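Notes to accompany the following structure.
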Amino acid sequence: MLITKSNNCPKCGGGHSNQCFVVYDNGEHCFSCGYSKSTNSNNFAFKAPPNIFRQLVFPEGMTNNYNEFSLDILKYLGKFYINKQHVYRHKIMFVPDSSFTTKAGLSFTGESLLFLNKDAETVHGYQRRFFPHKNIISVGDFNIPCLLVPEQENIKKTVCIVEDYISAVRLSDIVPTICLFGTSLKSSVLSKLLEFDNILIWLDGDIPGQEAAKKISRKLYDIIKYNQQTTPYKPVNYRISNIATELDPKCYSNTELNFYLKDLINDSVKI
């Protein structure tokens with residue numbers, strides 16, 4: 001039974017335009033960040049959708065052998081400064097030319113790259129990008145944050161978030177980077193971001209990307225403000241910076257990436 005609604009969520013903060021946080025007689029749920037808490041999970045007024053991808057099915061012919069990647073795929077990767085070491089370190093997969101149609105009637109054809117959402121032990125999901133047409137399909141669990149870190153991590157307090165996996169690979173040469181696989185910020189990613197005190201937002205420079213960057217910034221400010229009010233005995237000085245460039249991060253050389261990042265890593269504004 002519904003008890004009350006509120007614009008303030010204990011997880012993602014206050015200031016929401018609608019009453020997204022609801023309290024039931026046996027639990028609570030936020031429709032903005034996805035946070036849920038139940039006193040009786042078998043009889044909860046709101047039930048989160050189940051994770052149906054308990055066992056991932058990978059396409060036939062998939063390989064991580066750089067020497068078996070097609071010339072067109074290597075040209076694509078080379079355009080964004082992705083080399084053999086990147087492919088092996090981040091387990092970028094190549095799938096030869098194939099075709100299939102989903103149960104929903106969506107058709108996919110061509111060569112493809114697989115970008116894995118994984119941690120040290122488990123592959124939680126993958127995004128498959130087809131060529132020559134830019135068709136993308138995602139399979140598995142993307143509620144698990146996809147964090148890529150430098151081989152020699154010397155910037156422990158800074159994290160950067162980007163839209164696409166190739167940009168994440170490139171930036172992770174310099175700084176820990178989270179790939180959103182799009183522009184939406186899931187609650188699990190939000191929680192991971194708050195483990196860092198210097199947060200850089202570098203989404204695509206187009207209108208959708210920058211609108212998403214503003215939305216993410218507002219959400220971060222809201223939850224940080226809420227946390228500071230509710231836990232004043234645990235002060236954390238967060239820094240949030242938005243990087244808006246004409247090109248996607250993956251399009252720039254390492255020298256250019258370092259140029260955009262160096263001052264923000266050291267001199268972001270505290271909130």
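No experiment lies behind these values; they were computed from the predicted model shown.
Ion pairing between R170 and D164 fails under the 4.0 Å rule for side-chain N and carboxylate O.
The two residues F142 and Q127 have their closest heavy-atom pair at CZ-N, 3.9 Å. Contact between V169 and S172 at its shortest, heavy atoms only, is O-OG, 2.8 Å. In terms of heavy-atom proximity, L116 sits nearest to Y165 at O-CE1, 3.6 Å. Scanning all heavy atoms of the two residues, the minimum distance from A212 to L203 falls at CB-CD1, 3.8 Å. Across all their heavy atoms, V95 and R128 have their closest contact at CG1-NH2, 3.5 Å. Across all their heavy atoms, E163 and G209 have their closest contact at OE2-CA, 3.5 Å.
T63 places a side-chain N or O within 3.5 Å of a backbone atom of N65 that can act as its donor or acceptor partner. When atom types are taken as modelled, the side chain of Y252 and the backbone of L247 share a donor-acceptor pair closer than 3.5 angstrom. Checked by atom type and distance alone, the side chain of H86 pairs as donor or acceptor with a backbone atom of N83 at under 3.5 Å. Remark: side-chain polar atoms of T102 are paired, donor with acceptor, to backbone N or O of L106 under 3.5 angstrom. For D204 (side chain) and D206 (main-chain N/O), no donor-acceptor pair under 3.5 Å exists by modelled atom type. A donor-acceptor pair under 3.5 Å is formed between the side chain of S191 and the backbone N or O of S187. For the pair N64 (side chain) and I92 (backbone), a donor-acceptor distance under 3.5 Å is present. Checked by atom type and distance alone, the side chain of D248 never pairs as donor or acceptor with a backbone atom of C251 at under 3.5 Å. With T109 contributing its side chain and S99 its backbone, the two residues share no donor-acceptor pair below 3.5 Å.
I224 has its side chain within reach of L194: a pair of non-hydrogen atoms, C-beta onward, lies under 4.5 Å apart. Taking the side chain as every heavy atom from C-beta outward, I216 and L180 approach each other to under 4.5 Å. Residues C146 and F181 form a side-chain contact, since some pair of their non-hydrogen atoms from C-beta on lies under 4.5 Å apart. Considering only heavy atoms from C-beta on, L71 stays 4.5 Å or farther from I73 through its side chain. Contact check for L257 versus N254: side-chain heavy atoms found under the 4.5 Å cut-off. Side-chain contact between W202 and I161 is absent, with no heavy atoms from C-beta onward closer than 4.5 Å. Side chains of L77 and L113 form a contact here, defined as non-hydrogen atoms less than 4.5 Å apart. Side-chain contact between V159 and T177: absent, with no pair of heavy atoms (C-beta onward) separated by less than 4.5 Å.
Counting non-hydrogen atoms of neighbouring residues, nucleotides and ligands closer than 6.0 angstrom, the CZ atom of F259 reaches no more than 12 such neighbours. Residue K192 places its NZ atom among 12 or fewer non-hydrogen atoms of other residues, nucleotides or ligands, all under 6.0 Å distant. Environment of CD1 in I207: sparse, with no more than 12 heavy atoms of neighbouring residues, nucleotides or ligands closer than 6.0 Å.
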>> Before you tell me yes or no, could you show the steps for S184 and K186 under side chain to side chain contact (heavy atoms under 4.5 Å, CB included), namely the whole-Å CA-CA distance, both residues' side-chain angles and the distance that decides it to 0.1 Å?
In response: CA-CA 6 Å; S184 62; K186 296 179 174 61; 4.0 Å; yes

> Do D173 and R89 pass the salt bridge (charged side-chain N to carboxylate O under 4.0 Å, His left out) test, and can you show the C-alpha distance, the side-chain angles, and the key distance before you say yes or no?
Replying inline: CA-CA 11 Å; D173 284 342; R89 183 156 70 93; 3.1 Å; yes

> Between T158 and D197, is a side chain to side chain contact (heavy atoms under 4.5 Å, CB included) present by the stated rule, with each step listed?
Replying inline: CA-CA 7 Å; T158 298; D197 60 21; 5.7 Å; no

> Between E256 and S253, is a side chain to side chain contact (heavy atoms under 4.5 Å, CB included) present by the stated rule, with each step listed?
Replying inline: CA-CA 5 Å; E256 291 169 318; S253 67; 3.2 Å; yes

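Separating the CG atom in L200 from the CD1 atom in I265 is a distance of 6.5 Å, to the nearest 0.5 Å. Put simply, CD1 on I201 and OG on S241 are 8.5 Å apart, with the number rounded to the nearest 0.5 Å. The line from CE of M62 to OG of S112 is 10.0 Å long, rounded to the nearest 0.5 Å. Rounded to the nearest 0.5 Å, atoms CG (L220) and NZ (K225) are 14.5 Å apart. A distance of 8.0 Å separates CD of Q210 from OG1 of T245, quoted to the nearest 0.5 Å. Considering SG of C160 and CD1 of I174, their distance stands at 9.5 Å, rounded to 0.5 Å.
Cation-pi geometry between K157 and F196 is not met at under 6.0 angstrom from the ring centre and within 45 degrees of the axis.
Both I178 and Y221 are assigned to one and the same hydrophobic cluster, defined by single-linkage of ILVMFWY side chains at heavy-atom distances under 4.5 Å. A continuous path of hydrophobic side-chain contacts links I199 to L185 [ILVMFWY only; heavy atoms under 4.5 Å]. By the criterion of side-chain heavy atoms lying less than 4.5 angstrom apart, applied directly or through intervening Ile, Leu, Val, Met, Phe, Trp or Tyr residues, I144 is not grouped with V149; the two fall into different hydrophobic clusters. Both V123 and V139 sit in one connected hydrophobic cluster of ILVMFWY residues. Membership requires side-chain heavy atoms under 4.5 Å apart, directly or through other members. In the hydrophobic clustering of this structure, V87 does not group with L171; members are Ile, Leu, Val, Met, Phe, Trp, Tyr whose side-chain heavy atoms approach within less than 4.5 Å, directly or through other members.
Taking the six-membered ring for Trp and the full ring otherwise, F115 and Y126 have centroids separated by 6.0 Å or more.
Side-chain contact annotation: E111 with S70, donor-acceptor N/O pair under 3.5 Å present.
Applying the ring pair (Phe, Tyr, Trp, His ring centres under 6.0 Å) test between F94 and each of F69, F131, F130, Y76 identifies F69 as the sole match.
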